[in-house]
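Can you read through this structure? Questions will come right after.
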Number of protein chains: 2
Amino acid sequence: MQHLKNALGSSVQLPSAAVGRMSLYLRELQRLSDNGVMSLNSAELATLIEVSPAVVRRDLSTIGAIGRRGVGYVTADLIQSIGAVLGSETSWTVALVGVGSLGTALLRYRGLQRQGFHIVAAFDADPRLVGTSICGVPIYAAAEMSKKIGELKPQLAVLAVPAEAATAVASELADAGITGILNFAPATLKLPKEMGVVNVDLASEMQRLAFTVTSGITGGAVPEAENQKK
Amino acid sequence: MQHLKNALGSSVQLPSAAVGRMSLYLRELQRLSDNGVMSLNSAELATLIEVSPAVVRRDLSTIGAIGRRGVGYVTADLIQSIGAVLGSETSWTVALVGVGSLGTALLRYRGLQRQGFHIVAAFDADPRLVGTSICGVPIYAAAEMSKKIGELKPQLAVLAVPAEAATAVASELADAGITGILNFAPATLKLPKEMGVVNVDLASEMQRLAFTVTSGITGGAVPEAENQKK
DNA sequence: TAATGTGAAACCGTTCACAGCT
DNA sequence: AGCTGTGAACGGTTTCACATTA
């Protein structure tokens with residue numbers, strides 16, 4: 001559960017599960033918008049991300065999105081509202097640490113840019129990489145990290161270093177003024193509690209999949225028959 | 001919430017949030033084990049993954065792990081029990097589709113292998129890649145996918161293709177007999193409901209981080225003062 | 001004595017069902 | 001006539017608190 005201010009500035013709650021769904025709504029809405037879809041209703045949006053219409057309505061009403069009864073929601077308005085909540089309006093600057101295979105893949109991935117996340121610098125300990133650049137992002141020496149971060153002032157960092165190095169690098173990032181870390185290293189970072197952390201562990205996700213498959217439970221969604229009056 | 005059989009074969013429930021924690025317990029326990037730690041208590045394990053001791057006890061007791069009152073848990077036993085639940089004992093075979101930057105990074109990543117996931121084949125549409133191999137994994141033509149999967153019978157697949165191709169490839173994987181997909185494409189797969197799917201969307205995770213940072217809520221964990229009697 | 005294992009309560013998110021708008 | 005917005009019921013997860021056991 002997390003907080004956010006609504007349009008009136010009063011504080012409301014957004015369930016953290018809902019935050020995840022917001023990204024999915026936004027992704028689908030952007031696609032629909034590109035295809036010229038001007039509006040849609042909760043049932044249609046629900047189908048696209050495989051949740052129930054009630055979840056969609058609850059989510060959208062929580063963030064103060066305004067639909068029209070009897071009609072549905074205006075695509076552009078939703079993109080606007082959800083984008084505001086997720087900070088897609090802010091232009092985030094990001095530092096990437098660890099230019100291995102994964103770091104390289106992230107530097108090459110255009111999807112981050114598209115959502116407003118701009119990687120402005122990369123860091124690696126390998127001297128052969130230092131001085132080169134990938135997709136326009138310069139790679140600096142690990143030793144220069146604090147200094148460069150002080151200069152460029154990126155708000156966020158992506159951590160793609162080996163597990164052994166993760167904790168130390170994370171502390172350094174925190175000291176350098178980074179406010180949030182997307183952590184791909186299979187390690188639990190020990191950080192000041194005001195820092196934001198999101199962990200993505202590939203082996204864990206694979207284990208989650210294995211469990212899903214073994215337990216035979218079909219991630220199958222969409223219960224609800226949506227009420228039909230009388 | 002998902003099912004699992006306990007040692008006695010009776011069906012019990014494992015909260016899906018707990019599945020995620022199991023991976024983390026396992027990761028930390030393996031590290032401790034490598035360092036010669038033979039046993040630990042719930043409070044210690046709790047600190048390592050930043051949850052409360054009560055959560056640890058509840059989780060472990062749910063999967064039937066056995067601790068000793070007044071002492072704690074035996075590291076090796078826990079690794080065994082958790083591994084059994086997550087399917088780490090099974091040797092999973094995996095197909096990877098899409099050998100772009102991300103696909104390559106996944107082929108190079110040793111962490112999957114270490115947890116029992118063996119990538120046995122990779123597929124890509126680019127003819128320049130076909131016939132080559134990465135870290136010992138042969139790359140086949142996309143057109144051969146169904147045939148090769150029929151031969152090698154991998155249980156799981158990792159999907160690292162562009163969003164536009166994702167749905168079609170996923171259907172083909174389902175038809176070819178794959179039972180679960182780890183999906184990195186930013187698209188909602190439309191699949192038969194008996195198939196397992198776990199989605200990892202890098203842009204979404206970044207948005208989640210941005211939200212965490214903006215909302216000012218400090219992922220800060222560990223409430224609980226753990227009871228002190230009287 | 002020290003830490004587990006676990007009913008029971010508290011909490012939180014989802015689902016239901018329908019009143020209220022357009 | 002149709003779909004949103006939302007109070008209220010529900011169900012699942014976490015937390016509490018303590019009896020239990022080595």
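Residue numbering restarts at 1 for every chain, and letters A, B, ... go by the order of the sequence lines.
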**OP:** Check side chain to side chain donor-acceptor pair (under 3.5 Å) between B/Gln80 and all other residues, then give those that pass, not counting sequence neighbours.
**Re:** B/Glu89
Subject >> For atom CD of B/Glu44 and atom P of C/dA3, their distance in whole Å >> reply: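 Distance, rounded to whole Å: 8 Å.
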Subject >> Nucleotide D/dT15, atom P - distance to CG of B/Asp59 in whole Å >> reply: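 Atom-to-atom, B/Asp59 to D/dT15, this comes out as 10 Å.
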Subject >> Close residues, residues 66-78 of chain B, relative to DNA chain D [heavy-atom separation under 4.0 Å] >> reply: B/Arg68, B/Arg69
Original post:
Can you tell me if CZ on A/Arg21 sees more than 12 non-hydrogen neighbours from other groups inside 6.0 Å?
Top reply: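 Yes, enclosed.
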Original post:
B/Ile63 has an atom CD1; how far is it from atom C1' of D/dT13, in whole Å?
Top reply: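 Atom CD1 in B/Ile63 sits about 17 Å away from atom C1' in D/dT13.
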**OP:** Using the test side chain to side chain donor-acceptor pair (under 3.5 Å), find all partners of B/Ser88 that sit at least two apart in sequence or belong to another chain.
**Re:** none
**OP:** Quick one: list whatever passes side chain to side chain donor-acceptor pair (under 3.5 Å) with B/Lys190, sequence neighbours left out.
**Re:**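 For B/Lys190, the residues satisfying side chain to side chain donor-acceptor pair (under 3.5 Å) (neighbours in sequence not counted) are A/Glu50.
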**OP:** Walk me through it: do A/Thr214 and B/Trp92 pass the test side chain to side chain contact (heavy atoms under 4.5 Å, CB included)?
**Re:** CA-CA 11 Å; A/Thr214 333; B/Trp92 296 91; 3.8 Å; yes
Original post:
Is there a residue in residues 26-33 of chain B whose heavy atoms reach under 4.0 Å of DNA chain D, and which residues are they?
Top reply: none
Subject >> Nearest-nucleotide 5' precedence on DNA chain D, A/Asn41 against B/Ala18 >> reply: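 Here A/Asn41 is the residue nearer the 5' end.
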Anything under 3.5 Å between a donor and an acceptor, one on a side chain of residues 163-187 of chain A, the other on a protein residue two or more places apart or in another chain? List them.
{"from": "A/Ser171", "atom 1": "OG", "to": "A/Thr167", "atom 2": "O", "distance (Å)": "3.1"}
{"from": "A/Glu172", "atom 1": "OE2", "to": "A/Ser146", "atom 2": "OG", "distance (Å)": "3.2"}
{"from": "A/Thr179", "atom 1": "OG1", "to": "A/Gln155", "atom 2": "O", "distance (Å)": "3.0"}
{"from": "A/Asn183", "atom 1": "OD1", "to": "A/Ala185", "atom 2": "N", "distance (Å)": "2.9"}
{"from": "A/Asn183", "atom 1": "ND2", "to": "A/Ala185", "atom 2": "O", "distance (Å)": "3.2"}
{"from": "A/Asn183", "atom 1": "ND2", "to": "A/Ala187", "atom 2": "O", "distance (Å)": "3.2"}
{"from": "A/Asn183", "atom 1": "ND2", "to": "A/Asn199", "atom 2": "OD1", "distance (Å)": "2.9"}

Subject >> Nucleotide D/dG5, atom P - distance to CG of A/Leu45 in whole Å >> reply: 12 Å
Original post:
Can you tell if the side chain of B/His118 reaches within under 4.5 Å of the side chain of B/Val94, non-hydrogen atoms only?
Top reply: no
Original post:
Relative to the 5' end of DNA chain C, which residue comes earlier, B/Leu60 or A/Arg21, by the nucleotide with the nearest heavy atom?
Top reply: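 Comparing both residues, the 5'-ward one is B/Leu60.
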**OP:** Please report the C-alpha distance between A/Val158 and A/Val97 in whole Å, then the side-chain angles of each, then the deciding distance to 0.1 Å, and finally whether the side chain to side chain contact (heavy atoms under 4.5 Å, CB included) criterion is met.
**Re:** CA-CA 6 Å; A/Val158 174; A/Val97 192; over 6 Å; no
Original post:
Counting side-chain heavy atoms from CB outward, which of D/dT4, D/dT13, C/dT4 is closest to B/Arg57?
Top reply: C/dT4
Subject >> Donor-acceptor side-chain pairing of B/Tyr73 and B/Asn41 below 3.5 angstrom >> reply: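 Their side chains do not contain a donor-acceptor pair, so the 3.5 Å distance test is not met.
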Original post:
Is there a donor and acceptor pair, one atom on the side chain of A/Arg58 and one on the base of D/dG7, closer than 3.5 Å?
Top reply: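 Pair found.
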Original post:
Any side-chain N or O of A/Ser42 less than 4.0 Å from the OP1 or OP2 oxygen of D/dC3?
Top reply: no
